[in-house]
J.: 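Attaching a single structure in structure tokens format; questions to follow.
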Amino acid sequence: MRKRTLGFVALGAAASIFLAACGGGDSADGGGSADGAGFNLAETEVVNASDATGGTLRYAMAQDWDSVDPGDTYYGFSWNFSRYYARTLLTYNSEPGENATELVPDTAAAMPEPNENFTEWTVQIKEGLKYEDGSEITAQDIKYGIIRGDFNGGTLANGPSYFSQKLDADPEFNVYESSDPLGEFDAIETPDDYTLVFKLKESFSEFPNILIMPQTAPVPVDADRGELYQQHVLSSGPYQFDGDYEPGVALNLERNEHWDPETDPIRRALPDNIEVELGMNQDEIDERLVNGDLDVDLAGTGVGPAMHSRLAADEDARPNMDNLYSGALRYVNIHTPVIEDVACRQAIMYAANRDSMHRAWGGELGGDIATNLLPPAIPGSDPESDLYPSEDNTGDLAAAEAKLEECGEEDGFETVIAAREGRDKDIQTAEALQEALSRVGIETTIETYPAGDFFGQYAGSQDFVRENNIGMSVSGWIPDWPTGYGFAQPITDGAAITETGNYNTAEIDDPEINELWEEAVQTEDPDERSSIYAQIDTLVMEQAAILPVVFDRAMYYRSTELTNVYFQPGYAMYDFMALGVDRG
């Protein structure tokens, strides 16, 4: 699931619907409260602003990380949280509202400088930055962090693949098979300890957006332990691991005494300690949030269905709630190597009951029914387009049956729908789809797999998908940055397909779509690029490789003890770096 500028287009209407569900109210803050909090206030303002330091900030999550290694992670919550201990070249502006996704320097001393045709980018980094052991961070460490994260022969399978796609380097280069990885890898030059020069295969005007990614966090060559590095990541941020990370159990952070706040205006670093409990039931997380025994749900996707219904009916809770568009598309991959015939895939699109899947996400409070790929806030999106219309969004069974006959499966077929454990809405979406498809003879079995390994070992593993007849998988995606490329390229470009850790999970490898992606990266005019992204959106829908479900909205609960709360659309959740606690 992954990021960036998001779908606030219809928020005013959404707020009206929600207020009605909560019992009315016309005030801008939904009634307000003594501390100035109010309904949806965190969208545009800092709620409960405070400079109070100290205390323990308590997180919990129903699932586990894909990895806490900055070079091996692709979940939005992980990109947000990893900033506690991993600084990146660039990051997002630390303020709410319309400027929230502006890129600003982090370890970089200034914004990257391109050459005339955007094929070479130079970045200067700040001097005097240190790791938790007091040693200095160098440009060579950042170079190594990047190449280990994206040129590792599959050892680190979870992260994005932008660098291997864009850098003028052998994509088969393996950092762990090289005797001198820094010397042999010349697509990133480090002429001195504070300068990086990136050499690209071709023009790419959106390159700075890649430099926010955790893969740009520094890693000294001698500190790298491959997959085991995640047990204790060497911190470059304000916090360091307190003991080792315990997968599925806990991760605790304590202050890093070598972090210099003068070099880092982004991170408030208010709490003394940060604790994360893993594997907790979602209902328990929600109860503990509301009761004040927890501060933040780490997953960042909002409360679960039971608490969602309860809060929607509780007018007194409204000042402590935000019900915001996340910018995410929730969708179902239709795995093209398993369901090869496009007409069979189109049968799924026609038979799907969008209304019931929408209700799995909470109906109107959960977001808007999606009929296209690109979220409304992404230039090039056309949310009104619909290649598979049906009355009341309940499915066109006659059209579905005609498509089944066209692909030679007039009696239907059998396949598996994969969903992530601990993601109730994903599972309920799969159940709604299962029931809808059975109406035309497409019989499905739902299998759930651990969320942390879902893309690395299950739905994102080519071999596993084929061996287990996984024809569909429930997923979600947020922009890596706020353009059509930042949203859709990783999930629709044939160049992004990998054997494991595959986020183009449908394995879309259409020559026309691929050619349009190549054209987009060489197009400097943003309006022209948006037109290309719109064409890609239409082609993906024609290929029936992705079944859009909902442009979602999540309901968040914030206690009065949680300080400096605001929504960061770059991560589609609260900005973790701003948060503190004031327990009175």
Side-chain angles (χ1 to χ4, degrees), residues 57 59 61 63-91 106-107 125 129-152 155-160 163 175-176 181 211-260 263-264 266-267 269 271-278 298 452-453 456 501 571 576-577:
L57 183 59
Y59 289 86
M61 184 166 62
Q63 68 247 34
D64 197 358
W65 267 273
D66 47 0
S67 174
V68 298
D69 182 341
D72 192 28
T73 184
Y74 211 167
Y75 278 119
F77 74 85
S78 186
W79 285 24
N80 192 359
F81 188 89
S82 67
R83 296 181 298 153
Y84 281 126
Y85 54 85
R87 297 185 65 174
T88 51
L89 280 171
L90 303 180
T91 189
D106 189 356
T107 59
I125 71 167
L129 303 178
K130 293 182 179 180
Y131 294 107
E132 64 181 75
D133 63 2
S135 59
E136 188 172 10
I137 295 168
T138 67
Q140 290 82 2
D141 297 342
I142 294 172
K143 172 180 176 177
Y144 184 73
I146 291 169
I147 60 178
R148 75 178 286 274
D150 207 359
F151 295 86
N152 55 60
T155 300
L156 308 177
N158 294 309
F163 287 108
V175 69
Y176 296 119
L211 303 184
I212 64 170
M213 296 183 180
Q215 287 169 317
T216 68
V219 180
V221 175
D222 293 342
D224 189 13
R225 300 167 60 209
E227 292 177 286
L228 297 180
Y229 182 64
Q230 73 161 333
Q231 291 178 352
H232 195 114
V233 175
L234 187 65
S235 174
S236 54
Y239 297 91
Q240 64 188 43
F241 285 25
D242 181 6
D244 287 348
Y245 161 55
E246 299 178 76
V249 180
L251 174 64
N252 297 322
L253 305 179
E254 61 183 358
R255 290 192 183 276
N256 170 14
E257 64 180 17
H258 291 287
W259 170 74
D260 181 1
T263 70
D264 191 352
I266 299 301
R267 296 163 178 82
D272 286 334
N273 299 282
I274 296 163
E275 296 179 350
V276 181
E277 294 182 67
L278 300 168
L298 178 60
D453 297 320
Y571 302 108
F576 294 162
M577 295 306 97

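Any value given below was found using the heavy atoms of this structure, including those in side chains, with hydrogens, waters and symmetry copies removed. Just so you know, residue 1 is the first one in the sequence shown, and it goes up from there. Note that the coordinates shown come from a computational prediction; the quantities given were computed from them, not determined experimentally.
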J.: Could you grab the distance from atom OH of Tyr176 to atom OG1 of Thr155, nearest 0.5 Å is fine?
T.: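 One finds 6.5 Å between OH of Tyr176 and OG1 of Thr155.
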J.: Can you sort out the partners of Ser82 under side-chain contact (heavy atoms from CB on, under 4.5 Å), two or more places apart, ordered by chain and number?
T.: Tyr85, Pro214
J.: Do the non-hydrogen side-chain atoms of Trp65 and Asn158 ever get within less than 4.5 Å of each other?
T.: no
J.: Once you round to the nearest 0.5 Å, how far does CG of Leu129 lie from OG1 of Thr263?
T.: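 Here the interatomic distance stands at 5.0 Å.
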J.: Backbone N or O of Ala269 within a donor-acceptor pair of the Arg255 side chain at under 3.5 Å?
T.: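 Looks like yes, one N/O pair under 3.5 Å.
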J.: Donor-acceptor pair, Asp150 side chain versus Phe163 backbone, under 3.5 Å?
T.: yes
J.: Write out all pairs satisfying salt bridge (Lys or Arg N to Asp or Glu O under 4.0 Å) with one or both partners inside residues 227-250, taking only residues at least two apart or from two chains.
T.: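 Qualifying pairs: none.
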J.: Are the side chain of Glu132 and the backbone N or O of Ser235 linked by a donor-acceptor pair below 3.5 Å?
T.: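 Yes; judged by distance alone, with no hydrogens or angles, the pair exists.
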J.: Compare every heavy atom of Leu298 with every heavy atom of Phe77, then report the nearest pair and how far apart it is.
T.: CB-O, 3.0 Å
J.: Any chance you could lay out the side-chain contact (heavy atoms from CB on, under 4.5 Å) test for Lys130 and Trp259, step after step, and finish with the verdict?
T.: CA-CA 7 Å; Lys130 293 182 179 180; Trp259 170 74; over 6 Å; no
J.: Just jot down the salt bridge (charged side-chain N to carboxylate O under 4.0 Å, His left out) partners of Arg267, sequence neighbours excluded, or say none.
T.: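 Arg267 satisfies salt bridge (charged side-chain N to carboxylate O under 4.0 Å, His left out) with Asp106, Asp264 only.
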J.: Applying side-chain hydrogen bond (donor to acceptor under 3.5 Å, both in side chains), can you list everything that pairs with Tyr131, at least two apart in sequence or on another chain?
T.: Asp141
J.: Checking Arg148 now: which residues fulfil salt bridge (charged side-chain N to carboxylate O under 4.0 Å, His left out) with it, not counting sequence neighbours?
T.: Asp69, Asp224
J.: Please give me the minimum heavy-atom distance between Thr88 and Ala217, naming the atom from each residue.
T.: CG2-N, 4.3 Å
J.: Which pair of non-hydrogen atoms, one from Ala86 and one from Pro70, has the smallest distance, and what is that distance?
T.: CB-CG, 3.6 Å
J.: Taking the side chain as every heavy atom from C-beta outward, state whether Thr91 and Arg83 have any atom pair closer than 4.5 Å.
T.: yes
J.: Roughly how far, to the nearest 0.5 Å, is the CG atom of Asp66 from the OG1 atom of Thr73?
T.: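 With rounding to 0.5 Å, OG1 (Thr73) is 3.5 Å from CG (Asp66).
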J.: Hey, are the side chains of Leu89 and Ile125 touching, using non-hydrogen atoms and a 4.5 Å cut-off?
T.: yes
J.: Which residues pass the ring pair (Phe, Tyr, Trp, His ring centres under 6.0 Å) test with Tyr144, sequence neighbours left out?
T.: none
J.: Determine the minimum heavy-atom distance between Ile142 and Pro218, stating which atoms define it.
T.: CG1-CB, 3.9 Å
J.: Nearest 0.5 Å please: distance from the OG atom of Ser135 over to the CG atom of Leu234.
T.: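 One finds 6.0 Å between OG of Ser135 and CG of Leu234.
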J.: Between Tyr571 and Phe576, does the ring centre distance come in under 6.0 Å?
T.: no
J.: Where do Asp272 and Tyr239 come nearest, in terms of heavy atoms and distance?
T.: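 Shortest heavy-atom contact: O-CE2, 4.0 Å.
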J.: Quick check: closest heavy atoms across Gly149 and Gln215, and the distance to 0.1 Å?
T.: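 Residues Gly149 and Gln215, closest heavy atoms: O-NE2, 3.1 Å.
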J.: CG of Leu251 to CZ of Phe81: how many Å apart, nearest 0.5 Å?
T.: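 Interatomic distance, Leu251 CG to Phe81 CZ, rounded to 0.5 Å: 5.0 Å.
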J.: Go through the steps for Phe241 and Asn252 under the test side-chain contact (heavy atoms from CB on, under 4.5 Å), then give the verdict.
T.: CA-CA 6 Å; Phe241 285 25; Asn252 297 322; over 6 Å; no
J.: Measuring only between side-chain heavy atoms, which start at C-beta, is Met577 closer than 4.5 Å to Tyr84?
T.: yes
J.: So how far is it from Tyr75 OH to Gln63 CD, rounded to the nearest 0.5 Å?
T.: 6.5 Å
J.: Do Tyr59 and Leu278 have side chains that get closer than 4.5 Å, going by heavy atoms?
T.: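 Not touching, per the 4.5 Å side-chain cut-off.
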